[in-house]
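Inspection log for the structure reproduced underneath, given as structure tokens.
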Amino acid sequence: MAEAGADTVLEGLNAAQREAVLTGSSHNLVLAGAGTGKTTTIVARLRHQLRQGVSPERLLAITFTRRAAAEIRSRVQAEIGVGGAQEGVAAMTFHGWAMRHVRNNPDVFGYEGWSVLDAEDQAQVMRGVVGRGKRVEGLKADQIVDVLSFARNTRITLAEAIRVKHPDQTIDAKAVGAIVRAFEERKRERQYLNYDDILMIFAERLKDPAVAAWVGSHYEEILVDEMQDTNPLQWLLIDPLVPHTRFYCVGDDAQSIYGFRGADFASIHSFRDRVPGARVLKLEDNYRSTQEILDLSNWLLDQSPLGYDKHLRAVRGSGAKPELHSFETPQDEAGWIAAEMMRARDDGQPWATHLILVRSNYSGRAIEARLVENDIPYVFYGGVKLLESAHVRDVLSALRVVSNPDDEIAWMRLLTLLPRVGDRTAARVFDDVLDARGAGLSAREARERALKGLPGWLAAGLDAIEEASARVDDAVGRAASMLTPVLAHKYRNDNWDARSRDLSHVERLAASRPSISAFIEEYLLSPVFTSELSQDRSDGDHVIVSTVHSAKGLERDWAFCAGVSAGAYPSARSLGDVDSIEEERRVLYVALTRARDRLIVTRTFAHTPVRAWVSTSAGLGFVEDAYFLGALPEALVREEVHTAARLPKPVSPPGAGVGGPREIDLGVDLGDLE
DNA sequence: AGCCATGGTATTTTT
DNA sequence: TACCATGGCT
């Protein structure tokens, strides 16, 4: 019986994958190139352990996103088949994992009743400290938040982080440090935790060997996905547990794209030093793409001064050449992508065949607009997250002030929804709440006193929410109906219908959650995208639009890599720093390696060389052409230049072209127009 | 003068 | 979703 089980676990795996699944070493690092069956191997490893009799709650998979966690859970569950009634394997993010321990063991960690802040709220707190619209040493509140987070995630000093993030400014780190101290003090007063605090609290307690032994004793094995994106702060959660449990880490240095968050792919190279006795295994056969797609991807890495020593080989063999399409404007580009998918649709190809990869949320918006226009169903990974959208935050602010009356950020948001109430008035009301609380009044009494001058429905509505708070979906429903009149006005010109639908989604998600704060926390630590929710009632056949960063693990028959223009790859902002440029190269590499059969690279103008000074460890060097596709050998792609067939338009004055002056070389390639 | 509402602009990547 | 400028109101 056990034998039969093992056979099912290993079915369809190649020799290297089997080796990786069966390894008996206590710590392992699996170096898995793009498309080599990374998730398959992780799932098989988990199933293997379950077959060996390990109980599921003693296994933990740390992933990057809610989606990756859900996929692992469901695949383990599905393939386990019989006995599926058992509790599934835990799969969650570093933050979700740390927070679970902190929440479940207040006596060990000492943080009871603290609320988690997302990036936006955190910036709001910092703005309060810095002063609205003000700067400290030339840095805006958001920039200080960023630099502080970078320092904490990389475990370097604030002064060093400032130098790294703002190399060309002279900044007095002491002045910034004073602001940071005030910021931390404010968070402590209000009992707020940000993302980094969660990891720090856990890491600090793990320094106690008894705590480390206790945490480690929960797990037979901890699997870490996307190991190359693990930063020094996250390593502080791993290191102390190494003696107490097994680690099974999976990653690919060529796909490291979170350097901006402190990840250093070199820590993968030094894995064996950090985790003594670890075994390193490699998966090198690519099952995803055709050789032509891998040839282009390999070429890109070969151009790098860093030796990746990586040449993916396609098990599937040969296919069509990747395509490179150039357009005059982003609108033309988006329009063509939509048209190309619709043409395929007419030939019977499902929408789900397609993946569109974009560099930024912002650039995805143009594509999104085209899909909406053409009624093409899509989900945007990396678009607006449900709990980050303005209307959802509005409603949640009402829940938050009930759940935690000292939540300043939530009070400010809620109060400024009211007509004739701005920052000043809201701040006064919040002060009244604090005063009343300080005088020993209950939350309800404090509200009654502080909200005197405001419309009566507010205090009454908050009371109703409080009464319903045992059923979180009910509380959400009451908050939404209380605020509907003001929200309908606030968003009257801004898609109120769709926003209103989102609020019902929130209500549905809140059902059976234990508390308001637990509900909010869950979706802050592993977010869902609004477009995921609006799509899930359809038959599931939809295009995926994704930022490259959110596209980890994704693959589709066709992949459109959009906006691969000069000045974008590498992004103009990364010029001047060789590490950032190389990270950009890996971003493009991740994008290219998503395609199974057809890789379509699109860009918006003919190439002009991007010249850059780059500082390297060897000194300052001049790069004549930093654009990754600048020296692309013709043989690797099939190139096509599209010029819009438009009615004649008035001639624009010289220099008034879209995006400023460019040398657009249109002369030679336009032969097909004649 | 203080406060609030509104419209136009620009935007790297995420837990 | 800021940020900024502008304009109206108290």
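Note: hydrogens, waters and symmetry copies are ignored here, and every other heavy atom, side chains too, is used. Within every chain, numbering begins at 1; the chains are lettered A, B, ... in the order of the sequence lines, protein sequences first and strands thereafter.
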Thinking salt bridges, do A/Arg393 and A/Asp121 make one under a 4.0 Å N-O criterion? yes
In whole angstrom, what separates A/Asn153's CG from B/dT15's C1'? 9 Å
In whole angstroms, how far is the P atom of B/dC4 from the CG atom of A/Leu454? 12 Å
Out of B/dT15, B/dC4, B/dT14, which has the shortest distance to the side chain of A/Tyr258? B/dT14
Within this structure, what is the CG-to-C1' distance between A/Asp121 and B/dT14, rounded to whole angstrom? 16 Å
Please confirm whether the shortest side-chain N or O distance from A/Ser550 to OP1 or OP2 of B/dT14 is below 4.0 Å. yes
I'd like to know if A/Asp407 and A/Arg190 make a salt bridge, using a cut-off of under 4.0 Å between side-chain N and carboxylate O. no
Mind telling me whether A/Phe202 and A/Phe109 have parallel, tilted or perpendicular rings, with 30° and 60° as the class edges? tilted
Taking any heavy-atom pair under 4.0 Å as a contact, classify A/Glu583: base, sugar-phosphate, or nothing. nothing
Looking for any heavy atom pair under 4.0 Å, which part of the strands does A/Ser389 touch: base, sugar-phosphate only, or nothing? sugar-phosphate
With a non-hydrogen cut-off below 4.0 angstrom, is A/Phe94 in contact with a base, only sugar-phosphate, or nothing? nothing
Hey, are A/Asp225 and A/Lys552 close enough for a salt bridge, meaning a charged N less than 4.0 Å from a carboxylate O? no
Please tell me which of the listed nucleotides, B/dC3, B/dT15, B/dT14, lies nearest to the side chain of A/His95? B/dT15
Please classify the nucleic acid contact of A/Asp423 as base, sugar-phosphate, or nothing, using heavy-atom distances under 4.0 Å. sugar-phosphate
Hey, would you say the A/His549 and A/Phe64 ring centroids sit under 6.0 Å apart? no
Classify the nucleic acid contact of A/Lys385 as base, sugar-phosphate or nothing, counting any heavy atom under 4.0 Å across all strands shown. sugar-phosphate
If the cut-off is 4.0 Å, is A/Arg424 near the phosphate of B/dC3, judged by side-chain N/O to OP1 or OP2? yes
Would you kindly give the CD-to-C1' distance between A/Glu582 and B/dT13, to the nearest whole Å? 17 Å
Just wondering, do A/Tyr362 and B/dT11 stack (centres under 5.5 Å, planes under 30°)? no
How close or far is atom P of B/dG8 from atom CG of A/Asp494, stated in whole angstroms? 13 Å
Is the Lys NZ or Arg CZ of A/Arg585 less than 6.0 Å from the centre of A/Tyr569's six-membered ring, within 45° of the axis? no
Salt-bridge criterion met for A/Asp229 and A/Arg261 (N-O under 4.0 Å): no
Among B/dT15, B/dC4, B/dT13, which nucleotide has an atom closest to any side-chain atom of A/Thr425? B/dC4
Which nucleotide in B/dC4, B/dT6, B/dT15 has an atom nearest any side-chain atom of A/Arg492: B/dT6
From NZ of A/Lys490 over to P of C/dT1, roughly how many Å is that when rounded to an integer? 7 Å
B/dT14 OP1/OP2 closer than 4.0 Å to side-chain N/O of A/Thr65: no
The answer to which of A/Pro527 and A/Thr416 contacts DNA chain B further toward the 5' end, by nearest nucleotide, is A/Thr416
What is the separation between atom CZ on A/Phe260 and atom C1' on B/dT15, rounded to the nearest whole Å? 10 Å
On DNA chain B, check which nucleotide each of A/Phe529 and A/Glu584 is closest to and give me the residue with the more 5' one. A/Glu584
Within the structure shown, what part of the strands sits under 4.0 Å from A/Val421 by heavy-atom distance: base, sugar-phosphate, or nothing? sugar-phosphate
Just by protein heavy atoms under 4.0 Å, how would nucleotides 2-10 of chain C read 5' to 3' in B, S and -? SS-------
Using OP1 and OP2 only, check whether a side-chain N or O of A/Ser571 sits under 4.0 Å from B/dT13. no
Ring-face cation of A/Arg513 near A/Tyr523 (centre distance under 6.0 Å, axis angle within 45°): no
Check: A/Tyr378 ring centre within less than 6.0 Å of A/Phe380 ring centre: no
Atom-pair distance (CG on A/Leu588; P on B/dT13), nearest Å: 16 Å
